[in-house]
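Keep in mind that this is a model prediction, so the values were computed, not measured. Both counts, for ligands and for their atoms, begin at 1 and track the order of listing.
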Amino acid sequence: MSTAVETLTLKKVTQTGAVRHDWTRTEVRDLFALPFPALMYQAQTVHRMNFNPSEVQISTLLSIKTGGCPEDCGYCPQSAHYDVGVEASKLMDVKAVITEARAAKDSGASRFCMGAAWRSPKDRDLESVCAMVEGVKALGMETCVTLGMLNGAQAMRLKDAGLDYYNHNLDTSPEYYSSIITTRTYEDRLNTLANVRDAGINVCCGGIVGMGEGADDRVGMITALATLHQHPESVPINMLVQVEGTPLARGEALDELDFVRTIAVARITMPASMVRLSAGREDMSDQTQALCFLAGANSIFYGEKLLTTSNPGQNHDMALLSRLGMTPMKV
Ligand code: SAM
Ligand code: DTB
Ligand code: SF4
């Protein structure tokens with residue numbers, strides 16, 4: 001891209017500081033194509049207009065219902081379609097969940113995210129999840145759940161229980177989606193997101209990078225997220241964790257700089273959203289993670305486990321933040 005175009009794009013993004021919902025694929029493609037220093041400069045500029053760049057929001061994840069999922073998401077160790085060795089479990093007991101949340105709070109997490117391997121929740125299970133949300137909120141933590149597809153009434157029920165965030169990812173571009181998942185559509189995903197939004201719950205929605213997608217699929221994914229009527233308040237960008245037994249276990253690893261670029265473009269196009277450096281940190285060097293923070297990531301999952309796979313240890317993460325002079329964000 002020429003310097004003139006570069007400067008023009010920068011002006012458009014940073015002079016207004018505006019949150020735009022009319023991003024075109026061409027504009028997003030142009031951002032991805034910027035020379036790395038120009039891209040990082042734009043991302044940093046936008047980041048600093050909206051956030052303290054030294055602060056990182058910390059969320060802890062707990063799998064409240066593991067495995068045995070009827071969906072066939074090609075990346076997921078919890079799908080019943082693949083032989084991964086993840087043992088399917090029942091929905092956890094409410095008290096046990098609250099004990100875990102208290103421990104997460106004591107270790108410094110401000111948000112507790114509960115994930116269930118469901119296509120969509122049954123009404124009786126939803127009542128138990130609502131009790132978990134109420135209990136975790138009573139500890140003074142923010143709550144997030146990810147339970148699969150929701151209808152309008154289910155979203156309203158979660159809102160009544162006091163839920164702060166619902167995680168539901170678009171995962172990739174509309175075009176690549178059916179290569180990864182066949183048991184539901186992009187449209188299904190968008191419908192759930194609309195139900196969550198209509199219920200007044202904050203949206204946590206992002207995707208995965210490194211699933212064998214093309215560069216234009218990353219453009220398509222970010223464009224889909226950045227053109228939602230309201231941007232997700234939280235945008236998790238996951239690096240695929242290749243799990244043996246899943247169809248995506250043996251794909252070619254992605255250039256980590258392309259992952260950093262994806263974070264930067266998410267930051268620029270969704271300037272007021274929290275961008276989460278999500279799954280995949282264990283396979284990343286501290287230096288790559290530092291680049292992600294420079295690119296505008298300001299949230300991480302903290303704790304030794306994600307849902308079924310491992311995450312860097314808490315001591316390692318605290319040491320990394322300290323080496324970078326960064327601090328956990330208070331709620
Ligand atoms: N069943 C619910 C759903 O799919 O919406 C909630 C749980 S699901 C595990 C939440 C998200 O985790 C997925 O949308 C995907 O983005 C992410 N995820 C799952 N497996 C992953 C993997 N191996 N690597 C990176 N991200 C993964
Ligand atoms: C998200 O985007 N990433 C988290 C959370 N939302 C629920 C899940 C990552 C799961 C990684 C694979 C596993 O541990 O099973
Ligand atoms: Fe099930 Fe969610 Fe895993 Fe897909 S990503 S298989 S819906 S748990």
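Around the CG atom of N315, the shell of radius 6.0 Å holds no more than 12 heavy atoms that belong to other residues, nucleotides or ligands.
With rounding to the nearest 0.5 angstrom, the CE atom of M284 is 11.0 Å from the CD atom of E282. Here K137 contributes atom NZ and D164 contributes atom CG; the two are 3.5 Å apart, rounded to the nearest 0.5 Å.
Other cluster members for Y165: none, since no ILVMFWY side-chain heavy atom sits under 4.5 Å from it.
Using modelled atom types, one finds no donor on one side chain facing an acceptor on the other under 3.5 Å when comparing E55 with T327. Between the side chains of R218 and Y176, no donor N or O sits under 3.5 Å from an acceptor N or O.
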Taking a 3.5 Å cut-off between nitrogen or oxygen atoms, can you list every pair linking ligand 2 to the protein, with distances?
from     : atom 1 : to   : atom 2 : distance (Å)
ligand 2 : 2 (O)  : N169 : ND2    : 2.8
ligand 2 : 2 (O)  : N238 : ND2    : 2.8
ligand 2 : 3 (N)  : N238 : OD1    : 3.0
ligand 2 : 6 (N)  : N167 : OD1    : 3.2
ligand 2 : 14 (O) : L307 : N      : 3.0
ligand 2 : 14 (O) : T308 : N      : 2.9
ligand 2 : 14 (O) : T309 : N      : 2.9
ligand 2 : 14 (O) : T309 : OG1    : 2.8
ligand 2 : 15 (O) : T308 : N      : 3.2
ligand 2 : 15 (O) : T308 : OG1    : 2.6

Check ligand 1 for close polar pairs with the protein: N or O on both sides, less than 3.5 Å.
from     : atom 1 : to   : atom 2 : distance (Å)
ligand 1 : 1 (N)  : A116 : O      : 3.4
ligand 1 : 1 (N)  : W118 : O      : 3.3
ligand 1 : 5 (O)  : R189 : NH1    : 3.4
ligand 1 : 5 (O)  : R189 : NH2    : 2.9
ligand 1 : 14 (O) : N169 : ND2    : 3.4
ligand 1 : 14 (O) : D171 : OD1    : 3.4
ligand 1 : 14 (O) : D171 : OD2    : 3.3
ligand 1 : 16 (O) : N169 : ND2    : 2.9
ligand 1 : 16 (O) : D171 : OD1    : 2.7
ligand 1 : 23 (N) : Y75  : O      : 3.0
ligand 1 : 23 (N) : V241 : O      : 3.0
ligand 1 : 24 (N) : V241 : N      : 3.0

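What sits closest to atom 7 (S) of ligand 3 on the protein, heavy atoms only, is R184 NH1, 3.3 Å.
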Quick one, F32 with L39, criterion side-chain contact (heavy atoms from CB on, under 4.5 Å). Give me CA distance, side-chain angles, the key distance, then yes/no.
CA-CA 8 Å; F32 270 100; L39 177 62; 6.0 Å; no
Between R20 and D22, does a salt bridge (Lys or Arg N to Asp or Glu O under 4.0 Å) hold up when you go through it step by step?
CA-CA 6 Å; R20 289 177 48 205; D22 60 351; 2.8 Å; yes
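Atom 4 (Fe) of ligand 3 lies below 4.0 Å from at least one non-hydrogen atom of the protein.
Around atom 3 (Fe) of ligand 3, the protein contributes the following N, O or S atoms under 2.8 Å, ordered by chain and number: C76 SG.
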